[in-house]
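A, B, ... follow the sequence lines: proteins, then strands. Residue 1 opens every chain.
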Amino acid sequence: MKNMVIRASLKNWFQLFYVHKFPAAGFKTTADGAIILQSVSNDIYQNLAVEDWIHDNINLENMQVLFLWRNLSTVVIGRHQNPWQECNLKMMRQKNIKLARRRSGGGTVYHDLGNINLTFFTSKKKYERMENLKLVVKALKCLRPQLDVHATDRCDLLLNRNFKISGSAAKLGRTAYHHCTLLCSADRFLLSSVLKSPYKGIKSNATPSVPASVKNLFEEDPTLTCQIVMDAIAAEYAIYHQIDHHVTLINPADETVFPGINNKTKELQTWEWIYGKTPKFSISTCFNMVYKHSFLEVKVDMDVKHGRIEVCNINLPEEWLPPALCGELEKNLIGSKFCPSETTALASALLRSCPQDYEVHRRWNLFCENMTTTLM
Amino acid sequence: MALRAVRALGATWAPLPALPALRRPRAAPLPPPLRARTLGPTALLILARKYTDKHEWISVENGIGTVGISNFAQEALGDVVYCSLPEVGTKLNKQDEFGALESVKAASELYSPLTGEVTEINIALADNPGLVNKSCYNDGWLIKMTVDSPSELDELMNEDAYEKYIKSIED
């Protein structure tokens with residue numbers, strides 16, 4: 001009996017496959033099965049939490065899951081990446097584009113509703129990224145036989161040999177998952193701008209991204225919408241696993257179906273996870289300020305560990321600002337978050353302790369604004 | 001007659017199970033033998049390497065365990081590009097996630113073989129994560145930790161048991 005999709009509610013289905021209730025040895029399934037899930041949420045943190053939840057809670061020895069999801073404008077960095085190296089955080093703050101760190105490895109990607117995310121959950125033994133990608137290519141070719149799409153050995157999908165339409169990442173833990181993006185109708189221009197870091201002088205051993213020229217499927221064939229593509233991939237997955245082409249919609253906020261998921265969602269949104277997990281890095285840079293016909297150079301050296309400033313040296317032109325004030329700033333920055341709002345708050349607090357000197361205040365504000373804008 | 005009888009007997013016998021196909025000898029080199037050392041009159045034992053089912057190994061010396069991943073694991077992982085290790089002083093329970101290795105294939109979780117506290121991490125891996133592939137039993141060690149419950153070592157596999165375990169999952 002190949003079709004293991006249980007017709008009962010999803011909650012009951014999950015209960016059959018909970019890791020803790022059914023140790024792999026004791027649980028007998030009649031055959032391998034599979035299920036297709038699609039998220040009703042466009043929130044990156046909720047959707048990443050679904051991945052965490054399935055990884056932690058579902059026994060995948062005899063079961064595979066395909067999870068389909070899309071998000072509103074977000075930049076997603078890999079587990080061991082440095083967001084300051086990978087994207088324009090300043091622009092993202094201005095345009096209200098979220099930043100998320102996923103638990104799998106790999107490089108930085110931009111998501112919006114024109115991008116489809118696919119997660120293939122399997123046991124570690126059955127972990128096979130190329131097989132998954134071949135399935136996606138097959139689905140696309142079924143839809144549009146003329147489409148020139150193929151998978152590279154880097155596990156990218158290329159359109160017309162030159163343009164990347166999909167990148168992959170994966171996590172091997174208790175079980176395995178391989179997820180990939182698929183550009184259907186994303187904002188390619190915003191993608192390029194936001195994935196370009198303006199921050200200079202960073203030295204880090206974080207895993208770097210490999211930039212690529214990208215294209216949308218929609219640009220090749222305007223009839224290819226996200227929905228059509230998702231349906232085609234689901235259909236192909238169903239054929240491959242010999243199950244009904246039935247896509248189960250899931251709500252990642254539903255604690256009755258996913259007990260404990262909201263804690264996972266919260267954790268993914270914490271500063272400690274998103275920024276604090278950045279591998280230790282150093283910055284050595286300088287920037288220029290123009291002040292009353294003077295051209296001033298400021299040199300900054302910092303070490304940042306767990307997203308917090310560990311070492312801080314600021315070199316300003318002599319006597320342009322009271323040296324004691326700068327010294328205090330350097331001292332106070334140590335241990336603080338490498339973050340424009342925290343730095344600005346610290347700097348303002350210090351200024352309040354200073355005598356009301358208009359000139360000093362003006363210079364201080366200029367200096368702090370330049371520093372946070374250039375570095376953070 | 002006799003032949004016929006034999007054939008008849010043969011017909012009722014169940015066919016012998018096929019012999020398992022001879023496996024290709026593993027390309028991986030055998031792990032180097034552990035050195036025995038004597039320190040003065042009281043020879044302190046280096047306990048033989050023990051393995052977890054998640055392919056970590058631990059070798060205990062003077063109450064401190066050195067942890068790494070096995071050759072099977074490093075081969076499966078591919079080239080390691082980043083090692084995420086815990087802070088010194090982190091307290092770990094057996095099977096706690098203590099870090100991850102990122103390779104071109106995936107980010108792979110690391111699970112603590114025992115309960116204890118991290119005393120040292122291999123800082124060479126920061127600039128040279130490939131050591132995990134090149135020398136998984138020596139220079140590519142990951143962390144050192146205290147052994148708070150020595151009896152937990154008995155639950156781990158020895159060299160032979162681990163070899164058998166690998167063969168069973170390679171099926």
Side-chain angles (χ1 to χ4, degrees), chain A residues 19 23-25 51-52 55-56 61 77-82 101-107 120 122-130 132 152-156 167-180 203-210 273 276-282 305-306, chain B residues 52-56 69-70 72-90 93-113 118 121-133 142 155 165-171:
Chain A
V19 165
E51 288 185 326
D52 283 352
H55 171 270
D56 289 353
E61 282 309 304
I77 58 175
R79 171 85 173 264
H80 303 121
Q81 292 206 294
N82 180 329
R101 180 186 298 270
R102 56 180 192 266
R103 295 196 194 274
S104 56
F120 297 85
T122 62
S123 63
K124 276 159 99 156
K125 211 165 143 186
K126 300 217 173 99
Y127 168 70
E128 243 327 320
R129 291 171 303 162
M130 280 311 276
N132 300 334
T152 68
D153 48 22
R154 257 196 93 244
C155 289
D156 288 342
S168 283
K171 175 170 153 166
L172 296 172
R174 239 186 8 83
T175 56
Y177 65 76
H178 158 222
H179 53 201
C180 59
K203 248 181 144 166
S204 152
N205 67 349
T207 54
S209 295
V210 177
W273 173 255
K277 274 292 183 195
T278 307
K280 179 173 175 175
F281 65 100
S282 66
K305 188 175 170 184
H306 300 318
Chain B
T52 71
D53 62 355
K54 301 221 167 48
H55 310 287
E56 283 97 9
I69 63 165
S70 70
F72 177 83
Q74 72 77 13
E75 272 185 352
L77 212 52
D79 292 339
V80 176
V81 298
Y82 188 82
C83 302
S84 173
L85 299 175
E87 294 282 295
V88 169
T90 307
N93 288 316
K94 183 175 159 135
Q95 288 177 18
D96 274 356
E97 281 175 21
F98 70 84
L101 296 178
E102 185 168 341
S103 72
V104 292
K105 288 191 184 172
S108 197
E109 299 288 351
L110 295 164
Y111 298 94
S112 183
V118 179
I121 63 172
N122 188 352
I123 54 175
L125 296 178
D127 290 326
N128 197 354
L131 279 173
V132 176
N133 300 108
L142 300 172
E155 295 160 24
Y165 173 65
I166 295 176
K167 288 197 167 70
S168 75
I169 54 180
E170 270 180 329
D171 289 337

Using distance alone, with no hydrogens and no angle check, list the donor-acceptor pairs under 3.5 Å between chain B and chain A.
| residue | atom | partner | partner atom | Å |
| --- | --- | --- | --- | --- |
| B/Glu87 | OE2 | A/His306 | NE2 | 3.3 |
| B/Glu102 | OE1 | A/His80 | ND1 | 2.7 |
| B/Glu102 | OE2 | A/Gly106 | N | 2.7 |
| B/Val104 | O | A/Arg129 | NH1 | 3.3 |
| B/Lys105 | O | A/Tyr127 | OH | 2.5 |
| B/Lys105 | O | A/Arg129 | NH1 | 3.4 |
| B/Ala107 | N | A/Ala170 | O | 2.9 |
| B/Ala107 | O | A/Leu172 | N | 2.8 |
| B/Glu109 | N | A/Leu172 | O | 2.9 |
| B/Glu109 | OE2 | A/Arg79 | NH1 | 3.3 |
| B/Glu109 | OE2 | A/Lys171 | NZ | 2.8 |
| B/Tyr111 | OH | A/Arg174 | N | 3.1 |
| B/Ala126 | O | A/Asn205 | ND2 | 2.8 |
| B/Asp171 | O | A/Lys125 | NZ | 3.2 |

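Contact between B/Ala107 and A/Gly105 at its shortest, heavy atoms only, is CB-N, 3.4 Å.
Rounded to the nearest 0.5 angstrom, B/Leu110 CG and A/Leu172 CG are separated by 11.0 Å.
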